[in-house]
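Nothing here was measured: the structure is a model prediction, and the numbers come from that model. In this chain, numbering begins with 1 at the start of the sequence shown.
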Amino acid sequence: QVQLVESGGGLVQAGGSLRLSCVASTTIFSFNAMGWYRSAPGKQRELVATFTRSGNTNYADSVKGRFTISRDSAKNTVYLQMNSLKPEDTAVYYCHAESGSSRLYLNHWGQGTQVTVSS
């Protein structure tokens with residue numbers, strides 16, 4: 001069973017930075033895609049940034065130019081560098097990975113890490 005373990009959340013002032021890490025229990029190249037989603041109170045979970053296996057990235061418009069997703073395959077880890085944080089970035093951030101094929105896709109989620117940005 002795939003496990004994803006996040007770390008790096010916390011409380012930061014607006015304009016500050018945080019880096020989130022997600023360590024997978026297996027090689028990240030076994031996944032079709034891997035990245036980050038977030039859930040804010042009263043809002044649906046939304047995509048923040050993801051990698052495909054080939055290395056293509058996708059960002060939410062709201063974080064482009066401020067957040068950067070990266071990976072270290074030797075450590076089975078994906079990172080999310082968050083700069084110029086805003087209060088509206090406050091949310092629980094979840095690591096996500098998709099495995100499988102068109103016959104059956106599987107979604108794997110971490111436990112989430114809280115990011116709080118104060119104004």
Side-chain angles (χ1 to χ4, degrees):
Q1 185 174 354
V2 173
Q3 289 186 326
L4 304 172
V5 179
E6 303 108 330
S7 62
L11 173 63
V12 65
Q13 288 188 331
S17 299
L18 284 173
R19 189 177 80 155
L20 306 182
S21 301
C22 173
V23 181
S25 59
T26 185
T27 172
I28 61 176
F29 291 120
S30 66
F31 302 130
N32 302 320
M34 188 174 180
W36 297 90
Y37 286 70
R38 66 187 180 187
S39 286
K43 295 184 179 180
Q44 288 188 328
R45 188 173 296 187
E46 63 174 355
L47 179 148
V48 177
T50 60
F51 262 119
T52 65
R53 183 185 289 123
S54 62
N56 293 325
T57 57
N58 185 33
Y59 291 92
D61 288 342
S62 60
V63 307
K64 284 180 181 176
R66 301 188 297 122
F67 292 10
T68 303
I69 190 170
S70 62
R71 63 187 181 182
D72 185 337
S73 58
K75 296 182 179 179
N76 294 333
T77 301
V78 170
Y79 303 98
L80 184 67
Q81 178 66 45
M82 305 185 293
N83 298 328
S84 302
L85 282 161
K86 304 175 181 179
E88 51 263 44
D89 294 317
T90 295
V92 178
Y93 284 70
Y94 295 92
C95 184
H96 168 264
E98 180 194 278
S99 62
S101 68
S102 57
R103 290 189 175 186
L104 178 64
Y105 288 114
L106 297 174
N107 289 296
H108 312 279
W109 295 95
Q111 80 284 358
T113 186
Q114 177 71 46
V115 171
T116 302
V117 184
S118 63
S119 57

S.K.: Establish, from distance only, whether the side-chain atoms of Thr50 and His96 form a donor-acceptor pair under 3.5 Å.
M.R.: no
S.K.: Before we go on, tell me: are the rings of Tyr37 and Trp109 under 6.0 Å apart, centre to centre?
M.R.: yes
S.K.: Quick check: do Asn32 and Thr52 have side-chain heavy atoms less than 4.5 Å from each other?
M.R.: no
S.K.: Could you tell me whether a side-chain N or O of Thr113 sits under 3.5 Å from a main-chain N or O of Gly9, the two making a donor and an acceptor?
M.R.: yes
S.K.: Apply side-chain hydrogen bond (donor to acceptor under 3.5 Å, both in side chains) to residues Glu98 and Asn107 and explain how you reach the verdict.
M.R.: CA-CA 5 Å; Glu98 180 194 278; Asn107 289 296; 5.7 Å; no
S.K.: Using the test side-chain hydrogen bond (donor to acceptor under 3.5 Å, both in side chains), find all partners of Gln3 that sit at least two apart in sequence or belong to another chain.
M.R.: none
S.K.: When rounded to the nearest 0.5 angstrom, what is the spacing between OG1 in Thr90 and CG in Leu85?
M.R.: 8.5 Å
S.K.: Return the set of residues passing side-chain hydrogen bond (donor to acceptor under 3.5 Å, both in side chains) with Lys43 (not counting sequence neighbours), or none when no residue passes.
M.R.: none
S.K.: Side-chain donor-acceptor pair under 3.5 Å between Asn83 and Arg66, yes or no?
M.R.: no
S.K.: Name all residues meeting the salt bridge (Lys or Arg N to Asp or Glu O under 4.0 Å) criterion together with Arg38; count only those two or more places apart in sequence or in a different chain, and write none if there are none.
M.R.: Glu46, Asp89
S.K.: Hey, does the side chain of Tyr59 reach the backbone of Ile69 with a donor-acceptor pair shorter than 3.5 angstrom?
M.R.: yes
S.K.: Can Leu80 be reached from Phe51 by stepping across I, L, V, M, F, W or Y side chains whose heavy atoms are under 4.5 Å apart?
M.R.: yes
